[in-house]
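Everything on this sheet refers to the single structure shown next.
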Protein chains: 2
Amino acid sequence: MTISKSKSQPASSKASITIVDIAKLAGVNPSTVSRALSGSSAVTAQTRARITDIAQENGYVANHNARMLRSRRANQILVIVPNIAAFSHPEVILGIEEALEEHNIGVIVGSTKDNEERELALARQLITGAADGLILLNGRLPSELGELPQYNRRIVAISRPVLSPGIAFIGIDNQQAAQEATLYFVSIGRKRILHMGGPEQSPIFAARAQGYRNAMRQAGLDGIIDLQHLPAFNMVAGRQAMRDILNRRQLPDAILCASDELAFGAIQVARELGISVPQQIAFIGFDNHPVGEAFSPPLTTISVPRRRMGFLGAQTLLQSIQDDRPISDFQLLPYEFLVRASCGGSSW
Amino acid sequence: MTISKSKSQPASSKASITIVDIAKLAGVNPSTVSRALSGSSAVTAQTRARITDIAQENGYVANHNARMLRSRRANQILVIVPNIAAFSHPEVILGIEEALEEHNIGVIVGSTKDNEERELALARQLITGAADGLILLNGRLPSELGELPQYNRRIVAISRPVLSPGIAFIGIDNQQAAQEATLYFVSIGRKRILHMGGPEQSPIFAARAQGYRNAMRQAGLDGIIDLQHLPAFNMVAGRQAMRDILNRRQLPDAILCASDELAFGAIQVARELGISVPQQIAFIGFDNHPVGEAFSPPLTTISVPRRRMGFLGAQTLLQSIQDDRPISDFQLLPYEFLVRASCGGSSW
DNA sequence: TTGAAAGCGATACCAA
DNA sequence: TTGGTATCGCTTTCAA
C-alpha cells in the first residue's frame with residue numbers, strides 16, 4: 001500500500017500556492033521570484049522586499065521536492081542508527097543536529113535494528129538524492145553503497161568504524177580506554193579481573209576486549225585472563241552473565257563491563273544474591289549512562305563525548321561534501337575516566 | 001550555506017541512471033517502465049519481469065524527488081519529538097516504525113528542543129510535501145499548522161495531547177494513573193504524601209498532579225496536599241527538589257514523582273543523606289524507565305505502553321490520511337502499575 | 001537587473 | 001496492454 005486517497009487524484013486536495021502565483025501577484029517573472037527568495041544577488045533590494053512580503057502574506061513555502069529535483073540538493077542528512085532506543089545514539093544525534101542547524105540542513109533519522117534490508121532502503125535515500133549525505137552509527141556500510149565508491153565522500157561513520165576504506169571516522173580509542181580501566185583495577189589491588197564483553201563481532205567490543213587483554217598482560221596477570229563475549233550489552237545480558245559467574249567456586253574480585261547497562265544488570269543480581277559491591281566485587285562500566293551517577297553504588301565508567309562526536313562528524317561530512325573529496329582520517333577524541341564508588345576507589 | 005560543490009554544477013557528479021535509460025534498454029516507453037516498477041496491474045507479467053531485471057542489473061533506483069513532485073506523495077511520515085535524548089520518545093518511534101514498515105512508508109524524526117522555530121521548519125515538511133503526515137510527541141501544534149485546518153487529517157498526537165480540535169490523540173489516562181498510585185500509598189499506610197511534579201504548563205504533568213489531588217481528597221488527606229511543580233523532570237531537578245525537602249522539619253513519608261528520572265535523582269540524594277528508602281520515605285515513579293528495575297531499591301512505577309502508542313498512532317494516521325477525514329477521538333490505552341520495593345509494598 | 005524558456009525525472013492522462 | 005506527451009514546481013541558463 002502507498003498513501004493516497006481513494007480518488008486517484010494527487011494527494012493534496014488543493015494545489016498549494018506556487019511560485020507562479022507569487023510571480024503574478026508581484027507582476028514579475030517566476031524566475032525573479034525564485035532569485036529573490038533564494039537570496040540571489042542579481043535582484044534589486046526593492047523587488048526582493050516586495051516579493052518577500054507578498055510571499056509571506058500568502059504563506060508561500062517552496063515545494064521541497066521540486067526544488068530538490070531541479071537543484072539536485074536535498075539539504076538533508078540521513079543518520080542511520082541500529083537502534084534508536086539505545087540511550088547512546090540520540091545524544092550523538094543531538095550533536096549532529098547542532099552542527100547542521102546553522103547551515104539550515106535538516107537531519108532525518110532511520111533506525112535499522114541491524115536489519116540489512118532496512119539499511120539498504122535507507123541507503124537508497126542517498127542514491128536517490130533524498131539525502132545529501134549519510135552518517136552511520138551502525139558500523140556497517142550498506143552493501144549497495146560498498147560498490148559505489150563515488151559516494152564515499154558523502155558518508156561518515158561515528159562511534160563504530162566502518163571497515164570500508166575512504167570513509168571518515170570519529171570516535172574514541174576503545175582499546176586504550178578499556179586498558180586504562182583494567183589497569184585502574186590493578187592499581188587498587190584487584191587481580192581476578194573479569195571482562196564482561198559485548199558481541200565479539202562488533203569492532204567496538206572487540207577493541208574493548210583487546211584493551212582488557214593488553215592490560216592483564218602488562219600487569220603480569222595474563223594467566224588469569226577471564227573474558228566472555230555476551231550476545232548483547234543490555235541489562236538482561238548482564239543479569240544472565242552475572243548469575244553464571246556467581247555459580248563459580250571462585251569469584252572474580254573485579255568486573256570490567258563493556259557497557260553501563262551490563263553493569264547495572266550485573267550489580268543488581270550481585271546485590272540480590274548478597275554480594276557486596278565494591279567490597280567483594282568492584283565494577284567499572286562503559287559509556288557513562290545518565291543513571292550511573294544515581295545508581296547504587298554510583299558507577300565508575302568511561303565517559304564518551306557522544307555529543308561532540310556527533311558535532312564533529314557532521315562537520316566533517318559537510319566539509320567532505322563541499323570539497324568533493326573524502327576525508328578519510330580517523331579522528332579519535334579524548335574520553336574521560338570517571339571514578340565513582342562502584343570500584344571502591346578512594347573511599348575504599 | 002547550503003550543500004553544494006564549489007562549481008555551481010548540480011551536486012551529483014554523474015547524472016544517475018533514469019527511467020528513460022531503462023526504457024531504452026528494454027525497448028519500451030518510459031511510462032511502461034514506470035508502470036512496471038510501481039506495480040500497476042496494467043502491464044504483462046512478461047514485460048514487468050524483463051523491465052524489473054534490467055532495472056536491477058543496472059542498479060536503477062527511482063529518483064525520490066521526481067516521484068514525489070509528480071505523484072504528490074512522499075511515502076514518509078515525520079515525527080516531531082521535543083528531545084530525542086529523553087529515553088521515552090525513541091520507544092514510541094519504534095512502534096511507529098513497526099506500523100509503517102509493512103506499508104513501505106519511511107519515518108523521519110525531527111527533534112525540536114521545544115524551539116518554536118524548529119517546530120515551524122519541520123511543520124513545513126508537511127506543507128511542502130516532503131512528508132505525508134505528522135506525528136507530534138511534543139504536545140504542541142506548530143502555529144502555522146493551526147491556521148491550516150485542512151492538514152488536521154494528516155496529524156496525530158501521541159503521548160502529549162494537542163489542544164487544537166480535530167487532531168487524533170493516543171495516550172494514557174495520566175490523571176487516573178497518578179490517582180491510583182497515590183491511593184496505593186494510602187493503602188499501605190502512608191499519609192504525608194508529597195507529589196514531585198513536572199512542569200505545570202505541560203498537560204501531562206498537570207494531569208498527573210490533578211490525579212494526586214483527587215486521590216488525596218478522596219482519602220480525606222486534602223488538608224496536607226503537598227504539591228510542587230518543578231521546571232524539569234530529569235535527575236538534576238529531582239536532586240535539587242529532594243535537597244529542599246530534606247531541609248524541612250517534618251519529612252513526607254511518601255513521594256510520588258512525576259517521572260522515574262525525578263525519582264532516581266531524589267532517591268540518590270535521600271540515600272546520600274542517610275534517609276532509608278522505603279522505610280522512612282517511600283517512592284513511586286512514572287514511565288517505567290528501563291533502569292528502574294535494577295535501581296536500589298527497585299522503583300515502583302507506572303508502565304506506559306509507549307511502543308503500542310506509537311504503533312496505534314501510526315495506524316490511526318494512515319487511516320485518517322487514506323479516508324481523508326480526521327479521526328479525532330482520544331484513544332486512552334491501559335497502563336500498568338508496577339509495584340516494586342521502593343514503596344515498601346509487599347516486602348514491608 | 002529581469003524575462004523567456006528549457007529542463008530535472010517521474011507519473012498519469014489520453015489514444016491507439 | 002502499451003506509447004506519446006503534458007505536467008508537477010522550481011532553478012538556471014541565455015537573451016534582452
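As the structure is a prediction and not an experimental result, all values here were calculated from the model. Naming convention: chains lettered A, B, ... in sequence-line order (proteins, then strands); numbering from 1 in each chain.
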Quiz item: A:R35 side-chain donor-acceptor pair to C:dG3 base, under 3.5 Å =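 Result: at least one qualifying N/O pair found.
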
query = Quick one: does A:R70 reach the base of C:dG7 with a side-chain donor-acceptor pair under 3.5 Å?
reply =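 Counting by modelled atom types and ignoring angles, a donor-acceptor contact under 3.5 Å is found here.
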
ask   = Would you say the side chain of B:L318 lies within less than 4.5 Å of the side chain of B:I105, judging by non-hydrogen atoms?
value =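 Side chain of B:I105 against side chain of B:L318, heavy atoms only: contact under 4.5 Å found.
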
Calculate the interatomic distance between [X] atom [atom1] and [N] atom [atom2]; express it in whole Å.
X	N	atom1	atom2	value
B:R67	D:dG9	CZ	P	18 Å
B:K24	C:dG9	NZ	P	12 Å
B:I22	D:dT2	CD1	C1'	18 Å
B:R73	D:dT7	CZ	P	20 Å
A:R48	C:dT2	CZ	P	10 Å
B:N29	D:dT5	CG	P	9 Å
B:I127	D:dG9	CD1	C1'	16 Å

key: Heavy-atom closest contact (B:H64 atom, A:A130 atom, distance)   =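 For B:H64 versus A:A130, the nearest heavy atoms are ND1-CB, 3.6 Å.
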
Sugar-phosphate, base or nothing in reach of [X], heavy atoms under 4.0 Å:
X	answer
B:T44	sugar-phosphate
A:T47	sugar-phosphate
B:S31	base

ask   = Would you say D:dG9 has OP1 or OP2 under 4.0 Å from some side-chain N or O of A:T18?
value =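 The answer is no; no side-chain N or O of A:T18 sits under 4.0 Å from OP1 or OP2.
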
request  = Salt-bridge test for B:E98 and B:R307: reply yes if a basic N is under 4.0 Å from a carboxylate O, no otherwise.
outcome  =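 Result for this pair is yes, salt bridge flagged.
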
ask   = Is the count of non-hydrogen atoms from other residues, nucleotides or ligands lying under 6.0 Å from B:R160 atom CZ greater than 12?
value =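 Yes, the 6.0 Å shell around CZ holds more than 12 heavy atoms from other groups.
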
task = Tell me which nucleotide among C:dG9, D:dT2, D:dT11 gets nearest to the side chain of B:A66.
result =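 Closest nucleotide to the B:A66 side chain: C:dG9.
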
